[in-house]
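In this text the structure is predicted, and so the values were computed from the model without any measurement. So you know, we letter chains A, B, ... as the sequences are listed, proteins then strands, and number each from 1.
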2 protein chains.
Amino acid sequence: MEKVTKGHVFAIGEMSRRTGVNIETVRYYEKIGLMPKPNRSEGGNRLYNDVQLQRLYFIKRCREIGFSQSEIRALLSMVDHDNITCAEVYSVTTAHIADVRQKIKDLRKLEKVLSQMANECSRGDVPECPIIEALFE
Amino acid sequence: MEKVTKGHVFAIGEMSRRTGVNIETVRYYEKIGLMPKPNRSEGGNRLYNDVQLQRLYFIKRCREIGFSQSEIRALLSMVDHDNITCAEVYSVTTAHIADVRQKIKDLRKLEKVLSQMANECSRGDVPECPIIEALFE
DNA sequence: ATCGGACCTGTAGTAGCTACAGATTCAAGG
DNA sequence: CCTTGAATCTGTAGCTACTACAGGTCCGAT
């Protein structure tokens with residue numbers, strides 16, 4: 001007979017490899033409560049299964065998309081309590097989109113200011129720099 | 001006779017008020033070495049002058065424009081050592097502009113992904129949410 | 001049995017501040 | 001001169017989202 005746990009239980013290294021999430025980050029997510037406490041081997045090593053892997057992957061995707069810890073916490077708690085409604089998820093998402101759009105706006109403004117400053121600059125070997133002057137006002 | 005120090009020496013509260021930089025942040029800048037250690041009153045309160053005020057203002061403007069601590073440190077050290085050349089300042093600035101542009105690009109991509117996800121969402125009262133599904137892949 | 005790689009805990013560091021607690025100082029009014 | 005309350009002091013902890021150790025233990029293959 002084959003191992004009962006074949007393909008179903010694995011250590012933190014495999015979690016990390018398969019999700020692309022750094023080992024210390026996996027432990028960190030456990031510490032802050034995004035990931036549940038896993039079972040342990042007799043020696044004390046963490047043992048994970050596919051469900052936990054999927055959850056970690058979900059967290060990773062959320063981070064890539066720029067959701068904050070608390071946003072992820074909100075999404076996960078809906079998932080966990082099985083009381084997701086599309087409308088709720090939608091509202092978390094659109095709030096996040098608004099954030100992103102605001103950040104883009106701010107950065108564009110910034111880029112304009114910086115470019116203007118840079119354009120006025122002679123790039124020369126001289127100590128009078130309009131950029132520095134602009135920063136001192 | 002008027003006070004000798006008229007308009008020239010003031011406490012941290014005035015620094016804060018006049019620059020718009022939070023008191024604790026002023027102390028923080030001192031701690032991390034962006035601001036020099038100021039003189040103290042007999043009782044130990046910090047005493048500032050206009051030169052320091054100008055420096056604080058410079059730091060504030062740099063932060064507003066998104067320069068990082070180490071970028072500010074670089075700019076300030078040029079100012080301090082009086083070996084600014086326009087070319088050096090220009091290179092710090094253009095590097096920063098490149099950063100900003102990259103951030104804008106990344107955020108635009110993000111916005112696209114998020115908007116697509118949100119568009120596919122029914123906003124309904126149902127527990128099947130394409131956003132969550134997308135995040136689980 | 002041994003050996004090296006994987007894993008453990010716990011702490012400190014990163015940026016860029018903010019927010020206290022608990023003590024002291026300052027400046028203005030009586 | 002003394003009191004009072006605002007301002008300031010130091011020092012520490014918290015925030016987000018991790019990363020990077022140190023110094024030890026465990027696991028699995030030979």
Side-chain angles (χ1 to χ4, degrees), chain A residues 3 5-6 9-35 37-48 52 55-56 58-76 96 99-100 103 106 110, chain B residues 3 5-6 9-35 37-48 52-53 56 58-76 96 99-100 103 106 110:
Chain A
K3 286 180 206 163
T5 56
K6 180 196 173 196
V9 168
F10 38 84
I12 199 166
E14 193 172 336
M15 277 288 265
S16 173
R17 248 170 284 122
R18 285 175 65 186
T19 57
V21 176
N22 197 312
I23 289 184
E24 5 267 309
T25 307
V26 179
R27 285 195 283 252
Y28 169 71
Y29 285 157
E30 181 185 330
K31 195 174 147 200
I32 65 170
L34 289 185
M35 287 295 290
K37 295 196 175 183
N39 290 333
R40 299 288 185 132
S41 70
E42 282 187 25
N45 285 15
R46 287 169 179 81
L47 295 175
Y48 294 98
Q52 284 154 357
R55 187 191 185 89
L56 181 57
F58 178 87
I59 296 170
K60 193 204 171 193
R61 298 269 294 132
C62 287
R63 288 296 304 130
E64 282 171 356
I65 280 175
F67 284 115
S68 70
Q69 230 173 65
S70 70
E71 286 168 328
I72 297 175
R73 225 177 272 280
L75 291 171
L76 279 173
H96 183 53
D99 274 8
V100 171
K103 266 181 207 149
D106 292 347
L110 217 60
Chain B
K3 289 178 206 162
T5 56
K6 180 195 172 198
V9 169
F10 38 84
I12 198 167
E14 193 173 336
M15 277 288 266
S16 172
R17 246 171 286 121
R18 285 174 65 186
T19 57
V21 175
N22 196 311
I23 289 183
E24 6 265 311
T25 306
V26 179
R27 286 195 282 251
Y28 169 71
Y29 286 157
E30 181 185 329
K31 196 176 146 199
I32 64 170
L34 288 184
M35 288 293 291
K37 296 196 174 186
N39 290 332
R40 301 287 186 132
S41 69
E42 282 188 25
N45 285 15
R46 286 168 180 81
L47 295 175
Y48 294 98
Q52 284 153 355
L53 185 123
L56 181 56
F58 178 86
I59 295 170
K60 193 204 172 195
R61 296 269 294 132
C62 286
R63 289 295 304 133
E64 282 170 356
I65 280 178
F67 284 115
S68 69
Q69 232 174 62
S70 70
E71 286 169 328
I72 297 175
R73 225 176 274 280
L75 290 171
L76 279 173
H96 183 53
D99 274 7
V100 170
K103 267 181 204 150
D106 292 347
L110 217 60

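The bend of the helix from C:dA1-D:dT30 to C:dG30-D:dC1, defined by the angle between the axes of its first five and last five pairs, stands at 30° to the nearest 10°.
C:dA15 atom P lies 14 Å from atom NZ of B:Lys103, rounded to whole Å. Separating the CZ atom of B:Arg40 from the P atom of D:dC9 is a distance of 6 Å, rounded to the nearest angstrom. Rounded to a whole Å, the CD atom of B:Glu71 is 9 Å from the P atom of C:dG16. Whole-Å rounding puts the A:Ile23 CD1 to C:dG5 P distance at 14 Å. To the nearest angstrom, C1' of C:dA6 lies 16 Å from CZ of A:Phe10. Taking atom CD of B:Glu30 as the reference point, atom C1' of C:dC17 lies 15 Å away to the nearest angstrom. For B:Leu47 and C:dA27, the CG to C1' distance is 14 Å, given to the nearest whole Å. Atom pair A:Leu34:CG and D:dT16:C1' shows a separation of 12 Å (rounding to whole Å applied).
Nearest-nucleotide positions on DNA chain D for A:Gln69 and B:Ile12 put B:Ile12 closer to the 5' end.
Note that CD1 of B:Ile32 is 8.0 Å distant from CD1 of B:Ile72, once rounded to the nearest 0.5 Å. Summarising the geometry, atom CG belonging to A:Leu75 is positioned 5.0 Å from atom CZ belonging to A:Phe58; distances are rounded to the nearest 0.5 Å.
A:Arg46 pairs by the side-chain hydrogen bond (donor to acceptor under 3.5 Å, both in side chains) definition with A:Glu30, not counting sequence neighbours. In this structure B:Asn39 satisfies the side-chain hydrogen bond (donor to acceptor under 3.5 Å, both in side chains) test with no other residue, sequence neighbours excluded. Partners of A:Glu14 by salt bridge (Lys or Arg N to Asp or Glu O under 4.0 Å), not counting sequence neighbours, listed by chain and number: A:Arg18. Residues meeting the side-chain hydrogen bond (donor to acceptor under 3.5 Å, both in side chains) test with B:Gln52, sequence neighbours left out: none.
The closest donor-acceptor contact from the side chain of B:Lys60 to the backbone of B:Val21 lies at 3.5 Å or more, if one exists at all. Under the 3.5 Å distance criterion, the side-chain polar atoms of B:His96 are matched with a main-chain donor or acceptor of B:Ile65.
For A:Arg46 and C:dC7, the shortest distance from a side-chain N or O to OP1 or OP2 is not below 4.0 Å. Using a 4.0 Å cut-off, some side-chain N or O of A:Tyr29 falls inside it from OP1 or OP2 of D:dC18.
Closest approach to the A:Arg63 side chain among C:dC7, D:dA17, D:dT8 is made by D:dA17 (side chain taken as heavy atoms from C-beta onward). Set against C:dC7, D:dA17, D:dT12, the side chain of A:Ala11 has C:dC7 as its closest nucleotide.
A:Ser68 comes within 4.0 angstrom of sugar-phosphate atoms only, judged by non-hydrogen atoms across all strands, and of no base.
Test A:Glu24, A:Arg63, A:Gln69 against A:Tyr29 for side-chain contact (heavy atoms from CB on, under 4.5 Å) and you get one pass: A:Arg63.
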Where along nucleotides 19-30 of chain D does protein come under 4.0 Å, by heavy atom, of base (B) or sugar-phosphate alone (S), with - for untouched nucleotides?
SBB----SS---
